[in-house]
Amino acid sequence: MISVMTNGAAGAGSGSDEADAWRARLGWAFSLIADDPAEREAALAHLDGARRNARAALDRSNELWHLTRPLGPEEQYQEPTFKRAREVYADMCSHSLPEGLWVGEGARGPSLPYALLFLEWEARFPREWTEHAKAWGTKQSLIRRMAVADHDQPTRAKLIDLVEIVVQRAYRCKDREYVRVARAVDGEDLRHRLGTAAASDNPWARLHAGYALWLLDRPEVPNTRHVWRTWVAEASGRQRGFSGPCG
């Protein structure tokens with residue numbers, strides 16, 4: 001059965017043409033992080049419709065997969081109706097989230113603003129993100145792609161903002177991955193923000209920001225689940241429950 005989009009779903013083109021293609025497919029999604037609740041509500045309705053379209057296209061593709069199985073594996077995937085159904089499914093996915101982010105280079109090029117958008121949406125509006133597009137694996141993958149040192153200044157500033165937001169909240173799945181980003185964008189601004197959070201009255205901020213600062217000072221220490229849990233146990237007087245539902 002067909003359950004993933006094909007590599008060609010994002011469309012062709014380069015430079016400004018490719019950026020225009022990304023904007024045409026997912027430009028609406030920036031309203032997901034708007035301050036105006038009505039604008040966000042409209043974007044969520046758009047997203048729900050896009051995901052329904054993708055599911056319907058997947059159902060049609062899977063139906064044709066069953067019908068064309070007798071042709072054999074090579075002939076089946078060349079059968080025109082089934083081939084077109086897979087193309088339609090890929091196109092529908094490219095207009096939705098998180099499916100539209102499953103192609104592209106993530107930390108580079110025209111897809112970068114949309115990767116950052118998805119992470120900012122999860123950071124600022126976690127309830128809406130969880131309800132409408134929960135994808136922990138996509139979150140983890142995008143964070144890891146962002147954990148490189150040679151970002152331009154606007155991207156670097158955005159990533160520092162995201163780290164600051166995340167360390168001040170109760171742990172959510174894959175939040176620990178942001179330590180990779182902190183290490184990649186380490187500098188005076190980030191450390192000042194983390195220091196402020198670590199000295200605040202917010203127990204989550206003290207824990208998470210303290211952990212990030214501790215690792216920034218120890219680049220040789222891996223950011224593993226064991227290291228995280230050991231830090232939590234020591235920093236919280238051996239209390240448990242901070243590790244979250246997953247890594």
Side-chain angles (χ1 to χ4, degrees), residues 1-33 39-122 125 128-146 173-174 246:
M1 298 176 68
I2 306 301
S3 59
V4 295
M5 56 190 299
T6 62
N7 290 335
S14 61
S16 60
D17 289 342
E18 191 175 354
D20 289 343
W22 276 90
R23 190 177 305 110
R25 292 191 301 272
L26 292 174
W28 59 269
F30 285 98
S31 293
L32 293 168
I33 56 174
E39 185 175 349
R40 293 203 312 277
E41 190 66 28
L44 291 171
H46 184 112
L47 174 59
D48 287 345
R51 300 204 75 187
R52 284 194 299 272
N53 290 340
R55 285 194 296 270
L58 175 59
D59 289 343
R60 176 57 176 163
S61 182
N62 285 337
E63 177 186 1
L64 289 168
W65 180 84
H66 282 289
L67 292 174
T68 56
R69 280 189 73 184
L71 295 175
E74 293 186 10
E75 292 81 359
Q76 178 184 23
Y77 281 85
Q78 295 303 316
E79 198 282 326
T81 304
F82 180 42
K83 183 177 180 180
R84 177 55 183 160
R86 289 184 289 120
E87 291 172 350
V88 170
Y89 171 57
D91 182 61
M92 292 297 100
C93 284
S94 74
H95 288 75
S96 182
L97 291 174
E99 297 89 347
L101 299 173
W102 293 348
V103 294
E105 58 285 340
R108 294 290 185 272
S111 65
L112 172 60
Y114 303 94
L116 289 170
L117 160 67
F118 193 72
L119 294 177
E120 183 176 356
W121 182 29
E122 192 275 336
F125 302 102
E128 294 173 3
W129 181 92
T130 301
E131 181 179 350
H132 293 271
K134 179 176 68 174
W136 303 118
T138 302
K139 174 184 172 180
Q140 175 179 266
S141 176
L142 293 177
I143 293 173
R144 290 184 175 185
R145 292 184 192 180
M146 296 298 148
C173 191
K174 306 304 179 184
C246 60

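Only this structure's heavy atoms are used, side chains among them; waters, hydrogens and symmetry mates stay out.
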With side chain to side chain contact (heavy atoms under 4.5 Å, CB included) as the criterion, how do Glu122 and Trp136 come out once you've worked through the C-alpha distance, each side chain's angles and the decisive distance to 0.1 Å?
CA-CA 10 Å; Glu122 192 275 336; Trp136 303 118; 4.2 Å; yes

Can you check salt bridge (Lys or Arg N to Asp or Glu O under 4.0 Å) on Asp20 and Arg23, steps first, answer last?
CA-CA 5 Å; Asp20 289 343; Arg23 190 177 305 110; 2.6 Å; yes

Which heavy atom of Pro110 sits nearest a heavy atom of Ala19, and at what distance?
CB-CA, 3.8 Å

Could you tell me whether the side chains of Thr68 and Glu79 share a donor-acceptor contact shorter than 3.5 Å?
no

CG of Leu101 to OG of Ser94, rounded to nearest 0.5 Å, is 11.0 Å

Between Glu63 and Leu67, is any pair of side-chain heavy atoms under 4.5 Å apart?
yes

Under the criterion side chain to side chain contact (heavy atoms under 4.5 Å, CB included), I'd like the reasoning laid out for Met92 against Val88: C-alpha separation, chi angles, the key distance, then a yes or no.
CA-CA 6 Å; Met92 292 297 100; Val88 170; 4.3 Å; yes

Just do the side chain to side chain contact (heavy atoms under 4.5 Å, CB included) check on Lys83 and Tyr77 with the steps written out, would you?
CA-CA 6 Å; Lys83 183 177 180 180; Tyr77 281 85; over 6 Å; no

Scan side-chain atoms only and decide if His95 and Asn53 contain a donor-acceptor pair under the 3.5 Å cut-off.
no

Spatial distance of atom CG (Leu142) from atom NZ (Lys174) [nearest 0.5 Å]:
13.0 Å

Quiz item: cation-pi between Arg60 and Tyr89, 6.0 Å / 45°
no

Could you pull out the closest heavy-atom pair between Ala85 and Ser61, with the gap in Å?
CB-CA, 4.1 Å

Can you tell if the side chain of Trp102 reaches within under 4.5 Å of the side chain of Ser141, non-hydrogen atoms only?
no

Grab the two heavy atoms, one from Ala115 and one from Met146, that are nearest each other, plus how far apart they are.
CB-CE, 3.4 Å

For Leu117 and Ala29, which heavy atoms make the closest approach, and how far apart are they?
CD2-CB, 3.4 Å

In this structure, CD1 of Ile33 is separated from CD of Glu128 (nearest 0.5 Å) by 11.5 Å

Just so I know, are the side chains of Pro98 and Phe118 near enough to count as touching, which here means a heavy-atom distance under 4.5 Å?
yes

Smallest heavy-atom separation, Arg25 atom then Trp28 atom, equals O-NE1, 2.9 Å

Kindly confirm or rule out a cation-pi arrangement of Arg86 over Phe82, judged by NZ or CZ under 6.0 Å from the six-membered ring centre and within 45° of its axis?
yes

Return yes when atom CD of Glu75 has more than 12 non-hydrogen atoms of other residues, nucleotides or ligands closer than 6.0 Å, and no otherwise.
yes

Between His132 and Trp121, is a side chain to side chain contact (heavy atoms under 4.5 Å, CB included) present by the stated rule, with each step listed?
CA-CA 11 Å; His132 293 271; Trp121 182 29; 4.3 Å; yes

Can you label the angle between the Trp22 ring and the Tyr114 ring as parallel, tilted or perpendicular, going by 30° and 60°?
parallel

Using only atom types and a distance under 3.5 Å, with no angle test, would you say the side chain of Lys139 pairs donor to acceptor with the backbone of Cys173?
yes

Residue list, salt bridge (Lys or Arg N to Asp or Glu O under 4.0 Å) with Glu131, at least two apart or on another chain
Arg127

Could you tell me if the side chain of Leu32 sits less than 4.5 Å from the side chain of Leu97, heavy atoms only?
yes

Quick check: closest heavy atoms across Ser96 and Arg51, and the distance to 0.1 Å?
OG-CG, 3.1 Å

